[in-house]
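Report on the structure given below.
So that the names make sense, note that chain A is the first sequence line, chain B the second, and so on, each numbered from 1.
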Amino acid sequence: MKQQIFALVDCNNFYVSCERVFMAEIRQHPVIVLSNNDSCVVARSNEAKALGIAMGMPLFQCQRLVEQHHIAVFSSNYALYQDLSDRVMTVLSRFTSTLEVYSIDEAWLDLSHVPAEKLETYGQEIRRRVLQETGIPVSVGIASTKVLSKVACELVKRHQVFQGVLNLFAWPEKEVDAWLAGIAVEDVWGIGKRSAEKLRPAGIVSARALKQSDHAWIRHYLNVAAQRAVLELQGVSCLPLETRKKPRQGIMVSLTFGRTIEDLRELEEAIATYATSAVEKVRRQGSRAMQVSVFIHTNPFDRRVPQYARNATAALPAASAFTPDILDLAVALLHTIYVPGYAYKKAGVFLSAFQTQEVIQTDLFGLFSQERYTMQERLMRVVDEINETWGRNTLCFGTQGMKRPWSMRQLRRSQRYTTRWSEILTVS
DNA sequence: TCTGGGGTCCTAGGACCC
DNA sequence: TCTGGGGTCCTAGGACCC
């Protein structure tokens, strides 16, 4: 069988790069992007990394660095990032018939159709096209397995000399092993901090040591995921490309509030808002949900306030993607777990036990008739279309509240340049 | 003062069945 | 004295990922 060729394309500091596309003045400047509520750092430019800003660091912990070095700070602008991601993926799809979109900023391409001696050039061409058509810089790692292509990408980012593309096929194994020795075992895809801690006593601290270990022993000592990582490092492909988008098995919407909430009425608004958004996602993937879960909790970081956390789950009488069904149950569940007197900081709604919309479950009494489903579906389609065209929550349910004073803080969001006419880039 | 959100897969253990 | 054994399904929790 012919050797499969995997190319991983990874957008460099993706969220930062998205902001830079529309703001020439921050292209040479340290930049960070924050998580919801402007709390933690989730993306950093190379300049910001060099200044010592760590991934996941709360903003207040690096506030001084930010001021000292005039670091540009952004709230996350998911509408912008998702749209630019879609454009990047469109460009990539022209280079292969087999594309796996792995995350918002990464994709695997099957390059088995490219002759070995042209791989490097092909990778460079991918980079050039993506940059030219979207403004996003990417790194390309080419190898015989997914894990090795991840390693290649990591090396590209560490060493300027590769100029954005590393094809591991072009290097002797000895050379590759020397590079692997410089990569910590927890930086191997699939090996996390916990597993790395367990590997240390066995003297396995680098990717090279992991590669040279006995995969059967690793399986016994850790688990099957770690075993696959070993085999993949050895060039045995265990993780195939997955091009079919599998429908989600569960859909979660959970957000930290901009401030704490004590009032049941406000919690209802939050739960209703999250439930509405979750069921929208369920409809978008063509499913109906049978099971609804709700959770609320106080701020676990705040030691001074009494803590409380609970969740509740219940099943609907029949699977539904009709917002009022989900909304009613979610709010009812909230009532079963709400206890007054706590300062709630976060809540969430989780929908699961999906069925596809082709399946119609009817019952003896005609409560869930075909007509009823059709009517509900039509109504939801109209609501979705209006909200898509005129912006989220143009049409919404009363329970969601109007002002939503608890909603998240996003003080530094850039314009949604590519998805809202009113926010399009102006040139003066 | 200030600490993200949304997923997947695997495993162990209990319930249940024959 | 001595109290089977194997299979399946479900659930909760752990680990990992971006």
Using a cut-off of 4.0 Å on non-hydrogen atoms, how would the nucleic acid contact of [X] be classed: base, sugar-phosphate, or nothing?
X        : answer
A/Gln249 : sugar-phosphate
A/Gln61  : nothing
A/Leu34  : nothing
A/Val41  : nothing
A/Ser195 : sugar-phosphate
A/Lys345 : sugar-phosphate
A/Gly250 : sugar-phosphate
A/Ile104 : nothing
A/Asn37  : nothing

Practice problem: Identify the residue among A/Lys245, A/Arg244, A/Lys246 that makes a salt bridge (charged side-chain N to carboxylate O under 4.0 Å, His left out) with A/Glu242. | Solution: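 The residue from A/Lys245, A/Arg244, A/Lys246 that satisfies salt bridge (charged side-chain N to carboxylate O under 4.0 Å, His left out) with A/Glu242 turns out to be A/Lys246.
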Between [options], which nucleotide gets closest to the side-chain atoms of [X]?
X        : options               : value
A/Leu255 : C/dC18, B/dG4, B/dG5  : B/dG5
A/Arg219 : B/dG7, C/dC18, B/dT11 : B/dT11
A/Ile251 : B/dT3, B/dG7, C/dC18  : B/dG7
A/Arg194 : B/dG5, C/dC18, C/dC16 : C/dC16
A/Phe301 : B/dG7, C/dC18, B/dT3  : B/dT3
A/Phe60  : C/dC18, B/dG5, B/dT3  : B/dT3

Practice problem: Tell me, with the steps shown, if A/Asp302 and A/Arg304 meet salt bridge (Lys or Arg N to Asp or Glu O under 4.0 Å). | Solution: CA-CA 5 Å; A/Asp302 193 342; A/Arg304 300 160 312 170; 3.0 Å; yes
Would one find a side-chain N or O of [X] under 4.0 angstrom from OP1 or OP2 of [N]?
X        : N      : result
A/Arg304 : B/dT1  : no
A/Lys150 : C/dC16 : no
A/Thr256 : B/dG5  : yes
A/Lys193 : C/dG14 : no
A/Ser254 : B/dG6  : yes
A/Arg248 : B/dT8  : yes

Quiz prompt | Among A/Val41, A/Asn37, A/Val42, the one residue meeting side chain to side chain contact (heavy atoms under 4.5 Å, CB included) with A/Ser39 | solution =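 Passing option: A/Asn37.
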Quiz item: Hey, which of A/Leu131, A/Val21, A/Asn13, A/Val91 is the one that makes side chain to side chain contact (heavy atoms under 4.5 Å, CB included) with A/Ile136?
Solution: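 Exactly one pass, corresponding to A/Val21.
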Quiz item: What is the base-pairing partner of B/dT11, counting Watson-Crick and G-U wobble geometry with both distances under 3.5 Å?
Solution: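 Partner of B/dT11: C/dA12.
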Separation of atom [atom1] in [X] from atom [atom2] in [N], rounded to whole Å:
X        : N      : atom1 : atom2 : result
A/Arg228 : B/dT8  : CZ    : P     : 16 Å
A/Ile32  : B/dG4  : CD1   : P     : 15 Å
A/Arg409 : B/dG5  : CZ    : C1'   : 16 Å
A/Phe257 : B/dG5  : CZ    : P     : 10 Å
A/Ile191 : C/dC18 : CD1   : P     : 13 Å
A/Phe354 : B/dG7  : CZ    : P     : 8 Å
A/Leu239 : C/dC16 : CG    : P     : 15 Å
A/Lys245 : B/dT8  : NZ    : P     : 13 Å

Exercise. Can you tell me, in whole Å, how much space there is between the C1' of C/dG4 and that of B/dC16?
Key: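 To the nearest whole Å, 15 Å.
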Quiz prompt | Aromatic ring pairing A/Tyr81/A/Tyr15, orientation class (parallel under 30°, perpendicular over 60°, tilted between) | solution =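 Plane angle under 30°, so parallel.
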Quiz item: Would you call the rings of A/Tyr221 and A/Trp217 parallel, tilted or perpendicular if under 30° counts as parallel and over 60° as perpendicular?
Solution: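 Plane angle under 30°, so parallel.
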Quiz prompt | Upstream residue (5' side of DNA chain B) when A/Phe350 and A/Asp302 are each assigned their closest nucleotide | solution =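 The residue closer to the strand's 5' end, by nearest nucleotide, is A/Asp302.
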Quiz item: Does NZ or CZ of A/Lys146 fall inside the cone over A/Trp108's six-membered ring, less than 6.0 Å from its centre and within 45° of the axis?
Solution: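 Ring-cation test returns yes.
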